[in-house]
Amino acid sequence: MPELPEVETLRRTIQAVLPGRTILAVQVLWARTVEPITPTEMDARIAGRTVIGTDRAGKLLILELDDGAALTVHLRMTGELLFRPDRTKNRDSTREPYLRAVFDLSGNSELCFYDTRKFGRIGYVPPGNREELMARRGIEPLGKSFTIDRLSSLLMRKRSIKPLLLDQSLVAGLGNIYVDETLFRAGIHPLRIASSLTRDDVERLHGSIIAVLSEAIEHRGTTLRDYRSGLGDAGENQHRLHVYGRANAPCVTCGTLLERLVVAQRGTVHCPRCQPLTQLGRPRQSPSR
DNA sequence: CACAGCTCCTGGCAGC
DNA sequence: TGCTGCCAGGAGCTGT
């Protein structure tokens, strides 16, 4: 599952090759890949536009166009965006059945969107609608405004910590893999009620979120099966996961066998010893100010 | 407000 | 070998 580190790695690789390229045409092979407009409208609106930059909001990749419009790419589960410098060369024929959209670009290049499960989406945001796009999105965990106090205020609710961290409208970019890794690193059980976390817990959680995401970006993302960078390269972070996918294996810290449970309909792995389900500590007061 | 359940999808795999 | 059926899950939605 591509999460913030994978999308950021994708953005960086794309940023190096895409700006300055003009979109000549777009072919959509699975109509529902594009939204909220039809493939025909998409082609009509972006043909002739030049990509001037890239951005990212949580797990959403943003391609900025020269008329103020933008394309948004959400990889969901299995999406892949691949830049091909020479479109006259043959594509990988084994992947052709999963090709959902192709952008013909200037300089004989192309941008391919592959997506096995068809959950991924490419959105069109008209000129002037960027504010609207960025509105109701959660805070960027690697941004300056992600402070301990800010996180603390987001956690002032009677809700389990894991589903809360997965909620993109609160914190943007964490998915199943990095939430489990983050909670393990912070020593917090995934079912702890968020408002029961002590100030100390929140500080460790805050540091863990930043550290886990930053390190994953340094290792160019986690490739379990499908994820690739914009140039087709796999990441290396899958070799550094402590809990995700390691149910019944020994905890790297204490050797206790890791346990799997289902939280928010998602497979969840944790160490019962390092992440005890105790509700110590009184509920915190709202940060004064 | 919290959350269970459903939808969208298909490859991989366990079980028979 | 070949089939069936279940599982994985991000996000938007509805219902309780």
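Within every chain, numbering begins at 1; the chains are lettered A, B, ... in the order of the sequence lines, protein sequences first and strands thereafter.
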Task: Non-neighbouring partners of A:Glu181 that pass salt bridge (charged side-chain N to carboxylate O under 4.0 Å, His left out), sequence neighbours left out - done: none
Open item on the list: Between A:Thr22 and A:Ser106 (side chain of the first, backbone of the second, donor and acceptor by atom type, cut-off under 3.5 Å), is there such a pair?
Closed with: no
TODO: Could you run through nucleotides 4-9 of chain C and give me one letter per nucleotide, 5' to 3': B if any protein heavy atom sits under 4.0 Å from the base, S if only the sugar-phosphate is that close, - if neither?
DONE: ----BB
TODO: Rounded to the nearest angstrom, tell me the gap between atom CG in A:Leu170 and atom P in C:dA11.
DONE: 12 Å
Open item on the list: Rounded to whole Å, please give me the gap between CG in A:Leu165 and P in B:dA2.
Closed with: 14 Å
TODO: Whole angstrom is fine here: how far is it from CZ in A:Arg32 over to P in C:dG10?
DONE: 20 Å
Task: Mutual orientation of the aromatic rings belonging to A:His206 and A:Phe146 [parallel < 30°, tilted 30-60°, perpendicular > 60°] - done: parallel
- [ ] Starting at atom CG of A:Asp167, determine the distance to atom P of C:dA11, rounded to an integer number of angstrom.
- [x] 9 Å
TODO: Would you kindly confirm whether A:Tyr227 and A:Phe83 end up in one hydrophobic cluster when ILVMFWY residues are joined by side chain heavy atoms under 4.5 Å apart?
DONE: yes
Open item on the list: Using whole Å, what does the distance between atom C1' of nucleotide C:dG10 and atom CG of A:Asp115 come to?
Closed with: 12 Å
Task: Given DNA chain B, 5'-ward residue of the pair A:Lys158 and A:Thr116, judged by closest heavy atom - done: A:Lys158
- [ ] Tell me what A:Arg76 touches on the nucleic acid: a base, only sugar-phosphate, or nothing, going by heavy atoms under 4.0 Å.
- [x] base
Task: A:Arg121 side chain near C:dA11 phosphate (N/O to OP1/OP2, under 4.0 Å) - done: no
Task: Below 4.0 Å: OP1/OP2 of B:dT10 and any side-chain N or O of A:Lys118 - done: yes
Open item on the list: Given C:dG10, B:dG12, B:dC3, identify the nucleotide with an atom nearest to the side chain of A:Arg159.
Closed with: B:dC3
Open item on the list: Assess whether a salt bridge exists between A:Arg204 and A:Asp201, defined as any Lys/Arg side-chain N lying under 4.0 Å from an Asp/Glu carboxylate O.
Closed with: yes
Open item on the list: Is the phosphate of C:dG10 approached by A:His74 (side-chain N or O, under 4.0 Å from OP1 or OP2)?
Closed with: no
Open item on the list: Nearest whole Å is fine: how far is B:dG12 P from A:Leu224 CG?
Closed with: 14 Å
- [ ] Would you indicate, yes or no, if B:dG11 has its OP1 or OP2 atom less than 4.0 angstrom from a side-chain nitrogen or oxygen of A:Tyr98?
- [x] yes
- [ ] May I ask you to decide whether A:Arg228 forms a salt bridge with A:Glu80, counting only side-chain N to carboxylate O separations under 4.0 Å?
- [x] no
TODO: Not counting sequence neighbours, list each pair that qualifies as a side chain to side chain donor-acceptor pair (under 3.5 Å) and has a residue in residues 245-265 of chain A.
DONE: none
